[in-house]
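Positions are given from 1 along the sequence. Keep in mind that the numbers below use all heavy atoms, side chains included, and drop hydrogens, waters and symmetry copies.
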Amino acid sequence: MQMIFERYDIVVVGGGHAGCEAAAAAARLGSQVLLVTMNIASIAQMSCNPAMGGIAKGQIIREIDALGGLSAIVTDHTMIQFRMLNKSKGPAMWSPRAQSDRVQFSLKWQELLSSLPNLHVWQDSVTGILVEDGTVKGVEAAFAGKIFAQAVIITSGTFLNGRIHIGKNHFEGGRLGEANATSLTGSIQKQGIQSERLKTGTPVRVDGRTIDFSLMTEQKGDTVPGRFSFTDTPALKDQHSCYLTYTNERVHKILAEGFDDSPLFAGRIQGSGPRYCPSIEDKLERFSERDRHQLFIEPEGRNTSEYYVNGFSSSLPIEIQYRALLEVPGFANARILKPGYAIEYDYFPPTQLTLSLESRMVRKLYFAGQVNGTTGYEEAAGQGLMAGINAHRRLHEKDPLVLKRHEAYIGVLIDDLVTKGTQEPYRMFTSRAEFRILLRQDNADQRLTRIGHLAGLAGKDRVERLDRKEKHIQAFIRFLKQQNADPENVNPILTKRGTPPLQQKTRYINLILRPQVSLREIIEKDPVLKSYFQGFKGEETYDEAVESAEILIKYQGYIEKEKEIAGKISRLENIALATDLNYMDMQSISKEAREKLQKTKPANIGQAARISGITPSDISVLLVYLGR
């Protein structure tokens, strides 16, 4: 038992997606880290659906990988389906999504964590934080007692005073079948940190042997599946399909029978639920004009018959859930493995944090994941990675790593949380990013790998790989600009795609500018391009370079315009605001602005301008005050 009384550099509280990334990042950077989790077997548990990525979330996973995090690597090793979403739209909207094997995902995370010599894991419940003179000194645990550390990262997910609701029944729990944490919130509150309540939910799980998939629409993975990581992870084989089906009026009628017993409508749930992933009963209430809602049926893994009924999240009585499900096409003979339920839990409004995710009230205390009001594995993992990096940097007296909004979705996420806060579970969307043509999934490595390398997390091999990819992109674009296409070779393709054939030779780049024309198709059919590109096909970055080259050609004007705007905004980000500024003394600023600035304490003019209620005239006054 001696090891639990050692003094650690960093203690991470919670073994979910945020905790795993935080602990792994800090340990790999050289800190001695203790990860405290209530159940080692549940590390990196996929509490909700067994999938990673999706709209904007896929970009976050690729950004984590580019910085040197591990979520993409774990996903690639354990996925059973891969799809690139939104391919019919512009590249800013393309988002990778993987269906994961739930059990293998957790086991792979445990394997990677176990391989880190600076990381120790301890199964225990943290009951409080130790604070002295405004600085965290460690944690108090139920079994181990006091564990001293120079920094602490709280990543407790939904476990803080978690309460599960199913119909009229409610009981304490952090997840179905797992205990909650009842004392940590109070200990944190004693330091002047405010907490509030949120709610989320999950649907029934069904035995796939009792589902009639012939009555559903099969959704297969991509014919040539991609991957999340920019490293050489295994190629996906033997993909498993997902399925689409829909509710109907009979389903809705049965669900409505349970509304009187619904904890959501009866007021037994006080926390705000997720706007963009509501329960099925919430959908019926909010979208009463609709006669059906889509359900997405997801396999839980390769070696299980369990299926996740995405879109059917509910806290209604079990018998109501079951009767309604039987009326959904394909589920007439369904057997339920687990009921759907809602869970209410504590979170700490993130406006109490700095952009490094450090508490404003307690030095060297960090928060990441659902305790900051977010929802989703990807948002949690991104925060965990940044908290782990910044806690380590804090201990070595280095400036925090803060990603800007034009650099990463992770930067948008953290800036939104810290600057604007959230009163409902925050979910990332491409629409939240004003520079989404810059924040594409294909260029995450170009945006962030060198940053991750300078931070000490992304290895030299990552940078060398990126250098090769960028050289290929430049070479491809240069060749397409210099060489002419022969009408005889390309006109059959152009005619097939419904775009005018060539009357004379023209540069290849002019063809690629046409929205109907695919660079890959031209490469395959045109002998000149096929001969040139054949020399690069053995390179590991070939496919990525071809994709990026085509995007840069087709969208160059949009990309340059966004870069110009981002550059202007960046100049505001470089004008720092002192943390000890007393905004209440600035009488030329509106009272509302003074109060919000005083509460938020923005790090720079750019962040100040994004606070709700701050006007351009308020910013002008601040600039005058700063001598600008």
Side-chain angles (χ1 to χ4, degrees), residues 17 44-62 64-65 70-89 93-109 202-246 277 294-313 330-331 337 376-379 381 428 441-442 444 543-544 547:
H17 300 260
Q45 181 74 258
M46 301 182 107
S47 306
C48 202
N49 66 320
M52 293 291 280
I55 306 303
K57 294 166 173 281
Q59 283 88 326
I60 291 177
I61 296 299
R62 299 212 94 192
I64 290 170
D65 185 75
L70 300 179
S71 287
I73 293 173
V74 173
T75 301
D76 285 355
H77 275 87
T78 61
M79 63 182 171
I80 59 177
Q81 188 197 81
F82 180 93
R83 290 184 68 216
M84 185 65 74
L85 306 182
N86 283 340
K87 284 290 284 186
S88 62
K89 301 180 180 179
M93 302 294 288
W94 298 354
S95 301
R97 182 186 189 275
Q99 204 67 37
S100 299
D101 186 306
R102 180 192 299 277
V103 173
Q104 292 303 316
F105 186 92
S106 175
L107 290 175
K108 186 63 181 180
W109 255 118
T202 192
V204 295
R205 270 64 161 189
V206 178
D207 187 338
R209 297 171 299 178
T210 65
I211 300 174
D212 185 353
F213 294 109
S214 68
L215 299 178
M216 302 180 183
T217 302
E218 185 176 11
Q219 194 166 71
K220 296 183 178 181
D222 290 348
T223 304
V224 181
R227 53 170 63 114
F228 279 89
S229 180
F230 293 99
T231 63
D232 188 22
T233 50
L236 173 59
K237 298 177 181 178
D238 185 27
Q239 297 194 71
H240 287 225
S241 293
C242 297
Y243 297 85
L244 291 175
T245 187
Y246 294 86
C277 189
Q294 179 179 284
L295 303 180
F296 188 57
I297 316 306
E298 306 178 46
E300 296 269 7
R302 293 191 185 279
N303 301 310
T304 178
S305 63
E306 188 172 340
Y307 276 76
Y308 180 95
V309 186
N310 196 336
F312 206 71
S313 173
F331 287 101
L337 299 174
Y377 313 137
E378 303 84 359
E379 292 91 340
M428 179 54 72
Q441 56 83 30
D442 69 283
D543 288 326
E544 296 171 24
E547 179 181 68

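Of the possible polar contacts, none joining the Gln104 side chain to the Thr78 backbone as a donor-acceptor pair under 3.5 Å is found. Distance alone, capped at 3.5 Å, places no donor-acceptor pair between the Thr202 side chain and the Cys48 backbone. Remark: side-chain polar atoms of Arg209 are not paired, donor with acceptor, to backbone N or O of Glu306 under 3.5 angstrom.
Residues Phe296 and Cys242 meet the side-chain proximity criterion, which asks for heavy atoms closer than 4.5 Å. When side chains are defined from C-beta on, Lys57 counts as touching Glu379, because their heavy atoms get closer than 4.5 Å. Residues Leu337 and Val206 are not in side-chain contact: their nearest non-hydrogen atoms beyond the backbone lie 4.5 Å or more apart. Using a 4.5 Å cut-off on side-chain heavy atoms (C-beta onward), Val103 and Asp101 make contact. No side-chain heavy atom of Met428 sits less than 4.5 Å from a side-chain heavy atom of Gln59. Side chains of Gln99 and His240 form no contact here, defined as non-hydrogen atoms less than 4.5 Å apart. When side chains are defined from C-beta on, Met216 counts as touching Ile211, because their heavy atoms get closer than 4.5 Å. Side-chain atoms of Phe105 and Met79, non-hydrogen and from C-beta on, never get closer than 4.5 Å to each other.
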Could you go through Arg302 and Asp238, starting from their C-alpha distance and side-chain angles, then the distance that decides it, and tell me whether this counts as side chain to side chain contact (heavy atoms under 4.5 Å, CB included)? CA-CA 10 Å; Arg302 293 191 185 279; Asp238 185 27; 3.4 Å; yes
Step by step, work out the side chain to side chain contact (heavy atoms under 4.5 Å, CB included) result for Met84 and Asp222. CA-CA 7 Å; Met84 185 65 74; Asp222 290 348; 3.7 Å; yes
With side chain to side chain donor-acceptor pair (under 3.5 Å) as the criterion, how do Thr231 and Thr233 come out once you've worked through the C-alpha distance, each side chain's angles and the decisive distance to 0.1 Å? CA-CA 6 Å; Thr231 63; Thr233 50; 4.9 Å; no
Report the C-alpha separation of Glu218 and Ser241 in whole Å, then their side-chain angles, then the decisive distance to 0.1 Å, and conclude whether the side chain to side chain donor-acceptor pair (under 3.5 Å) test is met. CA-CA 7 Å; Glu218 185 176 11; Ser241 293; 2.6 Å; yes
Test log, rule side chain to side chain contact (heavy atoms under 4.5 Å, CB included), inputs Ser71 and His17: CA-CA 8 Å; Ser71 287; His17 300 260; 5.6 Å; no
Passes side chain to side chain contact (heavy atoms under 4.5 Å, CB included), Arg83 versus Gln219? Steps please. CA-CA 10 Å; Arg83 290 184 68 216; Gln219 194 166 71; 3.0 Å; yes
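In this structure, Glu298 pairs ionically with Arg97, as a charged nitrogen and a carboxylate oxygen lie closer than 4.0 Å.
A distance of 4.5 Å separates CD of Gln294 from CG of Leu244, quoted to the nearest 0.5 Å. Between the CG atom in Asp65 and the CD1 atom in Ile60 there is a gap of 14.0 Å [rounded to 0.5 Å]. Annotation: the span from Thr245 atom OG1 to Leu215 atom CG amounts to 7.5 Å, rounded to 0.5 Å. The OG atom of Ser313 sits 11.5 Å away from atom CG of Leu295, with the distance rounded to the nearest 0.5 Å. Atom-to-atom distance recorded for Leu70:CG and Lys108:NZ is 10.0 Å, nearest 0.5 angstrom. Distance check: Phe312 CZ to Ile297 CD1 gives 9.5 Å after rounding to the nearest 0.5 Å.
Pro234 and His77 get closest at one heavy-atom pair: CD-NE2, 3.5 Å. Annotation for Thr75 and Ala98: closest pair CG2-CB, 3.7 Å, computed over non-hydrogen atoms. Considering every non-hydrogen atom in both Pro50 and Pro299, the closest pair reads CG-O, 3.5 Å. Across Ser47 and Arg205, no two heavy atoms sit closer than the pair O-NH2, 3.1 Å.
With sequence neighbours left out, the ring pair (Phe, Tyr, Trp, His ring centres under 6.0 Å) criterion links Phe228 to Phe82.
Figure legend: Lys87 and Trp94 shown as a cation-pi pair, the cationic atom lying under 6.0 angstrom from the six-membered ring centre and within 45 degrees of its axis. Judged by the 6.0 Å and 45° rule, Arg62 forms a cation-pi pair with Phe230.
In the model, Ser305 has a side-chain atom that pairs as donor or acceptor with a side-chain atom of Asp207 under 3.5 Å.
Ring pair Tyr307/Phe213: centre-to-centre distance below 6.0 Å.
A side-chain contact (heavy atoms from CB on, under 4.5 Å) with Phe331 is found for exactly one of Asp212, Thr210, Val309, namely Val309.
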